[in-house]
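A short write-up of the structure that comes next.
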There are 2 protein chains.
Amino acid sequence: MSRSHTHVADAVRDEACPVTEVLDRVAGKWSIGILIAAAHGPVRFTELERAINGISRRMLTLNLRRLERDGLLIRTVHPAVPPKVEYSLTPMARELHTSLTGLVGWAERHRSAVAEARAAYDTAAKQKPDTD
Amino acid sequence: MSRSHTHVADAVRDEACPVTEVLDRVAGKWSIGILIAAAHGPVRFTELERAINGISRRMLTLNLRRLERDGLLIRTVHPAVPPKVEYSLTPMARELHTSLTGLVGWAERHRSAVAEARAAYDTAAKQKPDTD
DNA sequence: CCGTATCCAATTCGATACTG
DNA sequence: CAGTATCGAATTGGATACGG
């Protein structure tokens, strides 16, 4: 696969374009949480609101609509006296689940390491760059 | 740890918190592209700029700094007459690569499906919600 | 080559209040 | 219960110009 004088850029550009397209919809701060929450099965609006738990109604609705629009979520309205709406993943979205949980797993494994890296970076930055 | 009457929310909340923490740093529109670009090996600033290709200098720098701060990127300055800076992944970041390429793969497989879902949704939305 | 600083436009987000 | 509407604050992002 290696060309004579391969530019790194060349290999990447082909992947970067679809990436940005998807990432625009998937990489939102809340999107992944929603997709994971909905993966367990049909989940109601209020359940999501409680599950994600830092999200406002507005943002939840917005993200839900966007994911539905992109064909990742199915919105089912049950015509009942207390309104009942359930969200579930489309088959397409289910395929994402593995990568998503991979991300979550990584997050859990390295959360503290990231925090430490941050602290170290900030400490170093706080030192006078001058030869004190 | 087993709950008799498990709420969907309960299972999710434990995952959602670290998720949002990571996603804040990883889920940026450009972050993933950068991480994938740097995965091939040490890559220079200008190469990244060309590879990602829709990004401005400012955004590239910002994302680079954030990723470095969180311990995902290593920034190496080669003291040369024309300045040379290379970015590479930390071991921690390399573990992310699988999930990331999973995301990219999914994107490539379903890009058109997503586009169609969008078009369909927009078309449906354009119809009068009234009983036409 | 590798950035940083500044300005300004667009977007996002949260709080709040209201509806079927 | 499941949203929508509106507003102002905060964040993000591009363009440009400049510095080591």
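Chain letters run A, B, ... following the sequence lines, proteins first and then strands; every chain starts at 1. A quick note: this is a predicted structure, and the numbers were derived from the prediction, not measured.
- A straight line from CD1 of B:I55 to C1' of D:dG14 spans 11 Å, rounded to a whole angstrom.
- When the side chain to side chain contact (heavy atoms under 4.5 Å, CB included) test is applied to A:A117, no partner is found at least two apart in sequence or on another chain.
- The minimum heavy-atom distance between B:S31 and B:R66, with the atom names listed, is OG-NH2, 4.2 Å.
- Rounded to an integer number of Å, the gap from CZ of B:R75 to P of C:dC1 is 16 Å.
- Both A:T61 and A:P82 sit near DNA chain D, but only A:P82 has its closest nucleotide nearer the 5' end.
- Taking only side-chain nitrogens and oxygens, B:R57 never comes nearer than 4.0 Å to OP1 or OP2 of D:dA15.
- Nearest to the side chain of B:V85, among C:dA15, C:dG3, D:dG14, sits C:dG3.
- Whole-Å rounding puts the B:M59 CE to C:dA10 C1' distance at 13 Å.
- End-to-end axis angle of the helix from C:dC1-D:dG20 to C:dG20-D:dC1, from C1' rotation axes over five pairs per end: 50° (rounded to 10 degrees).
- One can place CG of A:N63 at 7 Å from P of C:dC13, the figure rounded to the nearest angstrom.
- Between the side chain of B:W106 and the backbone N or O of A:M92 there is at least one donor-acceptor pair closer than 3.5 Å.
- For B:T46, taking side-chain heavy atoms from C-beta onward, the closest of the listed nucleotides C:dC13, D:dA2, C:dC1 is C:dC1.
- Between A:L62 atom CG and D:dT4 atom C1' there is a gap of 11 Å when expressed in whole angstrom units.
- Rounded to an integer number of Å, the gap from B:L48 CG to C:dC1 C1' is 13 Å.
- No donor-acceptor pair closer than 3.5 Å links the side chain of A:T101 to the backbone N or O of A:V104.
- For the pair B:E95 and A:R109, the minimum side-chain heavy-atom distance is below 4.5 Å.
- To the nearest angstrom, C1' of C:dG14 lies 16 Å from CD1 of A:I52.
- Nearest heavy-atom pair across B:I52 and B:G33 is CD1-C, 4.1 Å.
- Nucleic acid contact class of B:R44 (heavy atoms, under 4.0 Å, all strands): sugar-phosphate only.
- When every heavy atom of B:A38 is checked against every heavy atom of B:Y87, the shortest pair comes out as CB-O, 4.3 Å.
- Of the candidates D:dG14, C:dG14, D:dG3, C:dG14 carries the atom nearest the A:R58 side chain, counting heavy atoms from C-beta on.
- Atom P of nucleotide C:dC2 and atom OH of B:Y87 are separated by 8 Å, given to the nearest angstrom.
- Side chain of B:S56, nearest nucleotide from C:dC1, D:dG14, D:dA2: D:dG14.
- Between B:R65 and C:dT4 there is a side-chain polar atom (N or O) within less than 4.0 angstrom of OP1 or OP2.
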